[in-house]
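In what follows, a structure is listed as structure tokens, so that the remarks can point back to it.
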Amino acid sequence: MAGKLFSLSAPCFLLSKLLPKRSHQYVSSATNSKFQKLNSLLHNTSPDFSDKTLVFHLETTLIKSSSLFPYFMLVAFEAGGLLRALVLFVLYPLLCLVGRNQALKIMVFVSFVGLKKDNFRIGSSVLPKYFLADVGNEGFSLVMSGKRKVAVSDMPRIMIEGFLKHYLGVDAVRGRELKVVSGYFVGLMEENNVNGVVLDDDKMVSDHAVGIGSFNEYSIDHQLFSYCKEIYLVSEADKWNWQIRPREKYPKPLIFHDGRLAFRPTPLASLIMFMWLPLGIFIFIIRYTSSTILPIQISHVVNSSTGVKTTVSKPKASTTKNDIKTGGVLYICNHRTLLDPIFVSYSVMKPIPAVTYSMGRFSEVSSPIKIVCLTRDREKDEKLIEQQLNQGDLVVCPEGTTCREPYLLRFSPLFAEMTDEIVPVAIDMQVKMFYGSTASGIKCLDPVFNLLNPFLQCSVKILDKIPSSQTCNAGGKPRIEVANHVQKEIANALGF
């Protein structure tokens, strides 16, 4: 049995030296027939797990990548800051030299020490996107076919629980617990790896529990696998051939608003980021200074020469011109970053004031265009918008908050009652290194991170003015219907 399972190859000889005594007995015992290669299951076109409990090891059977470094780099950067991320990156050569368990302890310590437990939301707001982008399609199909799903992981439970329960519907998660002193993580893991989940072991046995692990010693060296009637093992070579789960086949739509990093921080990608930052800061100063001091026509040329590319599309007919004597045009755009109104100004080559919610004082003062902050009081906001329209054109982002995914959030219908001169503007922002918006970060740094990108590409599509028959005042349409119509026009232009 053992000879057939491992083919008596050299890698398997090394594996037998690395496996703990208990796990080694499980795998190499000639009398134990519960272990099978996962290929035998994948070749079965209709495995029936509908009445079984699946116990699977997250890192080795669901996630395609074999490196945990990117996930801890995300925690270090997003929750701890740039300096903590730099420390973790500098220690990467050491992580390659020490054993896997020791490397895991070092990454946990650097990433978590000193963080406040109550403020840690990265596990539910940032990490799920990167976990989903690393899920193997074959492993996902097997895991989701079980009646009950139990995840086992060597990573801290606080990093993985949100992803597993919210996006995969896992019933129970057994991960490492972190020690907390006075509400702060101390960067150490509890030795006892049974906290955080209570399982009815008798129920698991009666359900004919099935385990999915790997040939690695840390995958099946867990007490939960002792309850499994069958255990399927996958090798690194098999995982290499797995396909990444397509985005359109995610269990639920991914609406992602948080986090600064726009790339998967592998060691190589992290090296490129840290090498770029000194030059990036210099480029940021040029972009920021030209935008705040120089006229908009000149600053647009300067920013274009530093990698800020703006693509403008306008209607063939001049439908944006206001035909009435008083008042201005109300430009309605979707909300990608705080810089959206500025790019609208670039597209028409004149500064247009904008109204917005919850903008930091620094961003308001340093903006090259006039910013009017709304109060979320309907009557006061109506007066503010009306006053600005009487003075000229105005930009409004009715989504209320930024959205970086290919969706449009609900439009607030307040703008529909202000004027019939409504021009939709579709904005799409493409970045490669940093996101210029975040839900939980410091808002005043949004423009900073946006302008730190090596290349920033913004597409601005000015659409035809909304016909009078589709407005509130002239057309008699309800304000919600007008808002939905404008939202649909922008979505169609963006392909969302």
Side-chain angles (χ1 to χ4, degrees), residues 55-80 84-85 88-89 91-92 95-96 98-113 115 117 120-136 139-140 143 149-168 170-180 185-197 211-214 216-225 234 236 239 259 261 264-267 270:
V55 181
F56 66 95
H57 189 262
L58 171 65
E59 293 92 313
T60 59
T61 62
L62 187 63
I63 295 179
K64 182 177 170 65
S65 174
S66 59
S67 174
L68 301 182
F69 178 83
Y71 303 113
F72 285 97
M73 175 59 76
L74 285 166
V75 174
F77 187 95
E78 305 291 0
R84 186 188 296 261
L88 180 61
F89 173 75
L91 292 176
Y92 178 73
L95 300 178
C96 297
V98 300
R100 179 189 181 278
N101 189 48
Q102 192 64 30
L104 179 64
K105 292 180 179 180
I106 294 174
M107 289 190 293
V108 168
F109 180 82
V110 175
S111 302
F112 282 93
V113 62
L115 297 182
K117 180 181 179 180
F120 187 86
R121 299 181 179 87
I122 305 302
S124 58
S125 63
V126 175
L127 289 176
K129 174 182 179 179
Y130 295 91
F131 280 127
L132 283 171
D134 198 20
V135 168
F140 174 86
V143 169
K149 298 174 282 291
V150 179
V152 176
S153 176
D154 297 314
M155 287 189 285
R157 182 170 59 90
I158 198 171
M159 290 178 60
I160 60 174
E161 191 169 35
F163 156 67
L164 290 169
K165 288 190 173 182
H166 183 69
Y167 286 95
L168 300 187
V170 172
D171 299 282
V173 178
R174 182 169 287 187
R176 304 292 294 271
E177 297 295 329
L178 298 177
K179 295 183 179 180
V180 179
F185 294 117
V186 296
L188 302 176
M189 294 183 290
E190 299 283 356
E191 293 298 329
N192 187 0
N193 193 25
V194 297
N195 294 329
V197 60
I212 305 177
S214 80
N216 297 320
E217 78 282 3
Y218 49 85
S219 172
I220 58 174
D221 187 26
H222 197 288
Q223 64 182 24
L224 286 183
F225 285 98
V234 58
E236 288 296 329
K239 285 180 60 179
L261 294 182
R264 181 180 177 84
T266 61
S270 300

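Because the structure is a prediction, the values reported are computed rather than measured.
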*Answer whether the closest heavy-atom distance between the side chains of Arg174 and Val150 falls below 4.5 Å.*
no
*Please check if the side chain of Arg84 supplies one atom and the backbone of Val113 the other of a donor-acceptor pair under 3.5 Å.*
yes
*asked:* What verdict does the side-chain contact (heavy atoms from CB on, under 4.5 Å) test give for Tyr92 and Ser270, after you've listed the backbone C-alpha separation in whole Å, the side-chain angles of each residue and the deciding distance to 0.1 Å?
replied: CA-CA 11 Å; Tyr92 178 73; Ser270 300; over 6 Å; no
*Any chance you could lay out the side-chain contact (heavy atoms from CB on, under 4.5 Å) test for Leu168 and Phe131, step after step, and finish with the verdict?*
CA-CA 11 Å; Leu168 300 187; Phe131 280 127; over 6 Å; no
*Is the shortest heavy-atom distance from the side chain of Tyr167 to the side chain of Val135 under 4.5 Å?*
no
*Gap separating the CG atom of Leu164 from the CG atom of Asp171, nearest 0.5 angstrom*: 11.0 Å
*Test log, rule side-chain contact (heavy atoms from CB on, under 4.5 Å), inputs Ser67 and Thr266*: CA-CA 9 Å; Ser67 174; Thr266 61; over 6 Å; no
*asked:* Parallel, tilted or perpendicular: which one describes the rings of Phe112 and Phe120, with boundaries at 30° and 60°?
replied: tilted
*Determine the minimum heavy-atom distance between Gly80 and Leu115, stating which atoms define it.*
CA-CD2, 4.1 Å
*Qualifying residues under salt bridge (charged side-chain N to carboxylate O under 4.0 Å, His left out), relative to Arg121, sequence neighbours excluded*: none
*Heavy-atom distance under 4.5 Å between the side chains of Leu95 and Phe72, does that happen here?*
no
*Test applied, side-chain contact (heavy atoms from CB on, under 4.5 Å); reference residue, Tyr71; option that passes from Ile160, Val126, Ile63*: Ile63
*Can you sort out the partners of Phe109 under ring pair (Phe, Tyr, Trp, His ring centres under 6.0 Å), two or more places apart, ordered by chain and number?*
none
*Under 3.5 Å: donor-acceptor pair, side chain of Glu59, backbone of Asp154*: yes
*With a 4.5 Å heavy-atom cut-off, do Val75 and Met155 have their side chains touching?*
no
_Using only atom types and a distance under 3.5 Å, with no angle test, would you say the side chain of Arg176 pairs donor to acceptor with the backbone of Ser153?_
no
*What pair of heavy atoms forms the shortest contact from Ala76 to Ser111, and how long is it?*
CB-OG, 4.1 Å
*Working to the nearest 0.5 Å, report the span between CE of Met159 and CG of Leu74.*
8.0 Å
_By side chain to side chain contact (heavy atoms under 4.5 Å, CB included) - contacts of Val143 (at least two apart)_ = Phe56, Leu62, Lys149
*asked:* Could you measure the distance from the CE atom of Met73 to the CE atom of Met107? Nearest 0.5 Å is fine.
replied: 10.5 Å
*First locate atom NZ of Lys117, then atom CD1 of Ile158, and finally report the distance between them rounded to the nearest 0.5 Å.*
6.5 Å
*What heavy-atom pair brings Val173 and Arg157 nearest, and what distance separates the two atoms?*
O-CD, 3.9 Å
*Roughly how far apart are Leu88 CG and Phe77 CZ, rounded to 0.5 Å?*
12.5 Å
